[in-house]
Amino acid sequence: MEATAREQVAGRSVEWPTRGLSFGGDYNPEQWAPEVWREDVRLMGEAGVNMVTLGVFAWGLLEPSDEEYAWGWFDEVIGLLAGAGIAIDLATPTAAPPSWLLHQHPEVLLVDEHLVRRAPGSRLGWCPSSPVFRGYALRIAAALAERYGDHPAVRLWHVSNELGGGNARCYCDVSAARFREWLADRYSDVEVVNAAWKTAFWGHRFSSLDEIQPPRGAQHAVNPGLFLDYARFSSHELLEHYLGEAEVIRARSAAPITTNFMVGSGSHVVDYSDWARHVDIVANDHYTLVDDPGRAEDLAFSADRMRGLVDRDSPWLLMEHSTGAPSWQQRNRAKDPGEIARNSLAHVARGADGALFFQWRASLGGAEQFHSAMLPHAGTETRVWQEVVALGRGLERLAVVAGSPVAPARIALLVDEESAWAFEQGLKPHRGLSYARESRVWHTAFWNRQVLVDVLPADAPLTDYSLVVVPSLFISGDARAERITRFVADGGTAVVTYLSGIVDPTNTVIPGGYPGAFRGMLGAWTEEFRPLQIDEEVRLDDDSSVRDWTEDVVLDGAEPVVSHLDGATQGRAAVTRHDYGEGGAWYVSAALASSSVQRIVDRLIAELALPREVEAPPGVEAVRRRTIDGDVLFVINHTSDDVTIATGGLDLISGETSPDATVVPAGRVVAVLEGMRP
Ligand code: GLA
């Protein structure tokens, strides 16, 4: 339980909640009798659990009626955990309001875009702007912090749970009124709103802010400026909720405060690049999706994105993942043997200083009764339990990586929540495109070659990089475009893909040929978009073909790299390259197949001499963490063949040393301590 100081987490000096790496999960003792708590604590010891998230859904049991608290059982659980040396990540239980509160105050329930008030019975069904809900939430947060704020076992605070996962947008009248206040702060005057949103279209001009409604279920498309601002406002309101709870905790406790993000490769409900600055420890929940054939790639993308949300040298925390099948997908997939360790250690390799799960013990009842857990329904005589215990022991042996940075990447890939919102909503040339797909296909091409990519917020500094990948960065204001252009002028290489630089931050088109924001740098521009029909395919001269998206590109200094072989764009460039200043800028105007992206990435790796962590086939993942004892090379073999890597040293996981080369068996992970760099 003893903590170690970690330098600067999210810009602040924070004590990490555990010594070494953190390991454990959500612990929900309220579902069990006290005898079970004792067994839990004993088994936690057996597995090497050193931290649990406690009380995350316990509001209705901690405050069984209005301002009547029941602390006794909680005191006992906290005492048991503390006695066993297990750190507590104490959650405020505000994700799941008690039934009495929703009964007394149905007005706090979320209203959807069709103005239907949601019924109680689940969780996170509350309006983020409701002052009534906020009052009750801050009261229970304050009561908890008052009681346990200086308890030595409380090493971390966990505000609510997955804020926005269920209540990302509320459209009630309270939210509408708050939105108008938010607009008044942002724009000062209604005429500024009219200009920003181009409300002359359809004559939607407002004479007063009072006329503005949220983008509720109108019968047809709504103004793009309005829905983008409503998404920003909604993220802001949830962040305000977080900050409100954090403030009452901070007044009563010195322990760091976090909340669990939901960063996968899909787009997100809130703007995490903004949120990350406000939490003491950046924490994530990650679940693989059964419909995603690239689950390991998705995990790597998400973890690289988490690293981009901290300052890259600071650790972050994997707050939740699963030991097996979740229960919220259509057909929930169990993990294969060895997959728990591959998943957990892939996060650790990419900078997580801990791996926690939802949840410790599988529930017998309640909505998630079939969700996997560290301790399954079948108990300890199970493969899952054995793998959990082995993982716990493995993480203990990896303590040396705690607090260490990931060896630096030379490639930045830019992602932007606001661009995702603007890209995917409203009337568009092609409404079936996925923002996440374009980022993922480029990230995966580097993953296949064991080349590390930092997935960064779109306005992060680029000075440390040789290459910046800009996939469908739909919104590019002047400052953003200038920074990327300067990076290239100063000798960097940029790859800009279709539908980047199309609109400014008000969601208004940048005129003069797409992609307006980058036209000069790219030496190419697009006259007209040519989205392809469902059965259409255009052949390219690199032996691939493209579906979904092409453009009529006009060269203006750039050279064609890949061209269209047929269709209306026959002979026109699909991919171009332009010397600009000291650097080079590529434009990818088509939704390239992954084979085509791989060819470009391989060329960039060769031309820019981008180092591969190891030389291994696709499906073998490799990342280094730079510890005080030397580099630790994590190699994760997702394939069904053993591979040998040309690096020897002590494998911290197995304890075995191999002098020159290391065999990584199929499906296994090694973490080779390479020794100090010269
Ligand atoms: C999310 C939540 C958990 C649990 C898991 C599993 O991550 O935070 O409470 O519901 O999903 O479904």
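Start at 1 and go down the list; that is how both ligands and their atoms are numbered.
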Minimum-distance protein heavy atom relative to atom 4 (C) of ligand 1: Glu368 OE1, 3.3 Å

Numbering as shown, the atoms of ligand 1 that approach Glu162 to under 4.0 Å (heavy-atom distance): 1 (C), 2 (C), 7 (O), 8 (O)

Using a strict cut-off of less than 4.0 Å between a Lys/Arg side-chain nitrogen and an Asp/Glu carboxylate oxygen, indicate whether Arg333 and Asp292 qualify as a salt bridge. no

Counting from 1, what ligand 1 atoms have a heavy atom of Trp328 closer than 4.0 Å? 6 (C), 12 (O)

Assess whether a salt bridge exists between Arg134 and Glu247, defined as any Lys/Arg side-chain N lying under 4.0 Å from an Asp/Glu carboxylate O. no

Using a strict 4.0 Å threshold on nitrogen-to-oxygen distance, state whether Asp304 and Arg307 make a salt bridge. yes

In the protein, which heavy atom is nearest to atom 9 (O) of ligand 1, and how far is it? Arg123 NH1, 2.9 Å

Taking only heavy atoms of Asn161 into account, list the atoms of ligand 1 that are under 4.0 Å away from them. 2 (C), 8 (O), 9 (O)

His268 and Trp275: aromatic ring centres closer than 6.0 Å? no

Note: ligand 1 atoms sitting under 4.0 Å from heavy atoms of Asp285 are 7 (O), 8 (O)

A student checking ligand 1 against Phe57 at a 4.0 Å heavy-atom cut-off should list atoms 9 (O)

Write out the residue and atom name of the closest protein heavy atom to atom 5 (C) of ligand 1, then the distance separating them to 0.1 Å. Tyr287 OH, 3.3 Å

Considering only NZ, NE, NH1 and NH2 on the basic side and carboxylate oxygens on the acidic side, decide whether Glu297 and Arg440 come within less than 4.0 Å. no

His241 and Glu237: side-chain donor and acceptor closer than 3.5 Å? no

Atom indices of ligand 1 within 4.0 angstrom of His371 heavy atoms, with elements: 6 (C), 12 (O)

Is the distance between the ring centroids of Phe74 and Tyr148 under 6.0 Å? yes

of all protein heavy atoms, closest to atom 2 (C) of ligand 1 is Glu320 OE1, 3.4 Å

